[in-house]
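Here is the naming used below: chain letters follow the sequence lines, and residue numbers restart at 1 for every chain.
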Amino acid sequence: MDRTERLNIPETELFHPGHYACQGCGAPIVTRYMMKALGKKTIIVIPACCWSVIQGPYPYSTLKVSVVHTAFETAASTASGIRSALKTQGRNDIHVVALAGDGGTFDIGLQALSGAAERNDNIIYVCYDNEAYMNTGIQRSSSTPFGAWTTTTPGSHYKDRPKKDIIQIMAAHRIPYAATGSVAYPEDLYKKFKKASTMTGLRFFHIFSPCPPGWKSATDDSIKIARYATWSKIYPLYEVFDGERFIVTKPEKEIPVSDYFSIQKRFSNLSEHDTAFIQQMVDERWMSLLKLSGSSPEK
Amino acid sequence: MKKVLMGNHAVSLGVKLARVNVIAAYPITPQSQIVELLSEMCADGEIDAEFLKVESEHSSMACCIGASLAGARAFTATSSQGLLLMHEMLHWAAGSRTPVVMTNVNRGVSPPWTIWTDQTDSVSQRDTGWIQVYCENNQEVIDTILQAYWVAEKVSLPFMVVYDGFYLSHTSEPVDVPEQNIVDSFLKPYEPFYKIDVEKPHSINSIVYPSHYMEFRHNIKKSMDSVPSILKQCLAEFKKHFNREYSTIEEYRNDDAEITLITSSTVTSTARILIDEFRKKGIKIGLVKLRLFNPFPHDDILRALKGKSKVGVIDRNYSPGNGGVFAQTLKFSISQVAGMPEVYPFIVGLGGRDVTEEVLGEAVEIMFNGKHRGEKEIWIGLKD
């Protein structure tokens, strides 16, 4: 995207400074831009995740909108319940958002999310993905990528299975909208939230959100890491409409996965052979994504 | 209007009359007919409610909590394993102070698989912060649904209406179905103490530090402790509107009784017949039916048991290592009071085994001859 063609992102903040996130955390950025797009007529449901801390302890609140904290596996179902109540009150002008981490989305919350998606409940589900259970101390989740160190995939016993493909799972429910986003691309993120806000049914966001303590990266490198994830195609930006129509945003620059790995320590156990293997997986997935979107591999 | 209704359908009609806004449910035997009828009524526009057909009981309770927090009158129904799956969310419902009403149709817990009645499912939820009332017949079932919303919304705590699987759930009895206009004058629309409001943003259920957590629990204590008196106010109102009388505990020929049986649910009906038989023989035995189990109606129980020499507690549930839960709770309740009777804790009728007059007669026999005196639990009808 040309930097001179910035979208007009509102300056209104529905977010107080002085939140409880770690330095360099991607999760507040996700919510900040989300709120700029959705506005104050929004109710946010937060299950157990980093955001249950970032939101602030009683009696404080990071967000200037109504927030309901709920059990780990119930972000989607609690949001569905709120939506039903609003419907009986004739309030159709309110966004109901479930805001969950990858553990609460890919793992323990997947059943409730699948239920809400199958019913096509009118909620926006946002997963900020830091690729492990970071709030409990960096344990692997099914979102942890192949090759990553975590406290439960230590040293040479790195994660030996690929990351669960959550967008494909959600798309298979034939929901109206599923999209990836990244904190390195706020304009894209804002635009996608704006787009989703005009739709009804279950809208799903999977947003790449670096975690310096968990990824063993410099706190001022988070945006760079997120951008490298997209450039290396480890984390492509794309949208899926009605489970079928794929639109992929090709990165403005391409780099090998080793460049992405080199600016964080969680991949430091990988051999050259491992990296080559991951590069191959990433390339294959990129090709299949392009195929789904009907694009050609050429730029 | 008098109708012949099975217990499950009595619940459905009660929920309709209570003008519930949001229903979320998952099927489980022997509860399913409750929500089948409700889903029909929603589809036909007979009830103006949202019906969420969820993928698990865990989610149905989460939906009810969300709906209740957003100001809706919410309902769900479950049984046995479904209730156990909800356990975590039962704590969330009470901790969030949501007046959700739920019917639990008692069914034993697995393994081995059973679909027949006992109370182990519901009594094992005692410590979650839910009010629990146990019903003896289908009239009581429909009436208790209405009372449940009245009380739950007054004290901001969730309410579980409990009755025996198959004995009531699938048994048809004549039921006087209240008129909608009378229900409306008894049960006003839900006005939440607080609710999610985009105009006045709040954060609900945030993390609390040790400096605040205890006060939240203590507030639940205050509300829970007020339940017996609030329920009595409710029942007085209920009598005025519907001319039917209920209480926290119900005494039967207990005034001059020397020994007393404590029962709950449908076993009570059998016990009444047995009491009459003993009375014919001039034996001074009485009956106390526990309707309200949680919070335990301590003061009413003390009054009812004062001066009795022995009390037999009929538990159709079992807590391994501890015995029957009603007996344990009773022992705790009377333990610090002088002049209380000896407790005989009986375990009967688990997993749907019939609790006959003979079974209860054996319990009374044991109390008379002092056999098994002081034992933690006395199992009746067990095969060798």
Side-chain angles (χ1 to χ4, degrees), chain A residues 14 20 39-48 52-89 91 93-96 98 108-119 121 123, chain B residues 19-24 26 47-74 76 86 88-89 91-93 95-96 98 100 190 192 194-213 215-216:
Chain A
L14 291 168
Y20 284 72
K40 63 180 179 188
K41 280 190 184 171
T42 300
I43 295 166
I44 300 187
V45 178
I46 302 179
S52 31
V53 177
I54 300 169
Q55 165 58 8
Y58 170 86
Y60 303 109
S61 178
T62 299
L63 291 163
K64 298 182 189 176
V65 297
S66 278
V67 172
V68 176
H69 296 264
T70 190
F72 208 169
E73 60 281 47
T74 62
S77 38
T78 305
S80 295
I82 293 170
R83 169 57 72 200
S84 297
L86 294 176
K87 198 171 169 197
T88 64
Q89 294 157 11
R91 294 296 306 254
D93 57 334
I94 296 170
H95 295 300
V96 181
I108 196 167
L110 185 61
Q111 177 178 310
L113 173 57
S114 173
E118 187 271 332
R119 293 187 301 270
D121 288 344
I123 60 172
Chain B
R19 296 192 186 277
V20 164
N21 308 112
V22 174
I23 301 161
Y26 188 75
I47 311 184
D48 186 19
E50 279 294 301
F51 196 127
L52 272 154
K53 284 117 183 174
V54 289
E55 78 299 333
S56 82
E57 285 90 350
H58 195 281
S59 283
S60 69
M61 187 48 62
C63 283
C64 286
I65 294 167
S68 186
L69 285 173
R73 188 170 275 169
T76 189
M86 274 182 194
E88 181 196 17
M89 298 320 289
H91 280 281
W92 276 88
S96 308
T98 53
V100 175
Y190 174 37
Y194 64 79
K195 69 167 190 171
I196 312 166
D197 183 348
V198 288
E199 274 78 36
K200 280 184 281 174
H202 280 80
S203 186
I204 298 171
N205 296 334
S206 304
I207 286 178
V208 288
Y209 289 142
S211 52
H212 287 96
Y213 181 82
E215 283 66 27
F216 280 83

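Between the side chain of B:E50 and the backbone N or O of B:A67, no donor-acceptor pair lies under 3.5 Å. A side-chain donor-acceptor contact under 3.5 Å links B:S56 to the backbone of B:S59. Between the side chain of A:S66 and the backbone N or O of A:I43 there is no donor-acceptor pair closer than 3.5 Å. Without hydrogens or angle criteria, A:T62 side chain to A:I54 main chain gives a donor-acceptor distance under 3.5 Å.
Using a 4.5 Å cut-off between heavy atoms, B:K195 touches chain A through its side chain atoms alone. A:K41 touches chain B through backbone and side chain together, each having a heavy atom under 4.5 Å away. Neither the backbone nor the side chain of A:V96 comes within contact range of chain B; no heavy atom of the residue lies under 4.5 Å from a heavy atom of that chain. For A:S61, the part lying under 4.5 angstrom from a heavy atom of chain B is the side chain only. At a 4.5 Å heavy-atom cutoff, A:R83 makes no contact with chain B through either its backbone or its side chain. Of the two parts of A:E73, only the side chain, counted from C-beta on, holds a non-hydrogen atom closer than 4.5 Å to a non-hydrogen atom of chain B. For A:V68, the parts lying near chain B are the backbone and the side chain together; criterion is any non-hydrogen pair under 4.5 Å.
The candidate from B:A72, B:A74, B:S211, B:A70 with the greatest count of non-hydrogen atom pairs under 4.5 Å with chain A is B:A70.
Residues B:N21 and A:T88 have side chains that never bring a donor and an acceptor to within less than 3.5 angstrom of each other.
In this structure, the side chains of B:T98 and B:L69 come closer than 4.5 Å at one or more pairs of heavy atoms.
Using a 4.5 Å heavy-atom cut-off against chain B, the contacting residues of residues 109-117 of chain A are A:Q111, A:A112, A:G115.
A ring-centre distance under 6.0 Å is found for B:F216 and A:Y58.
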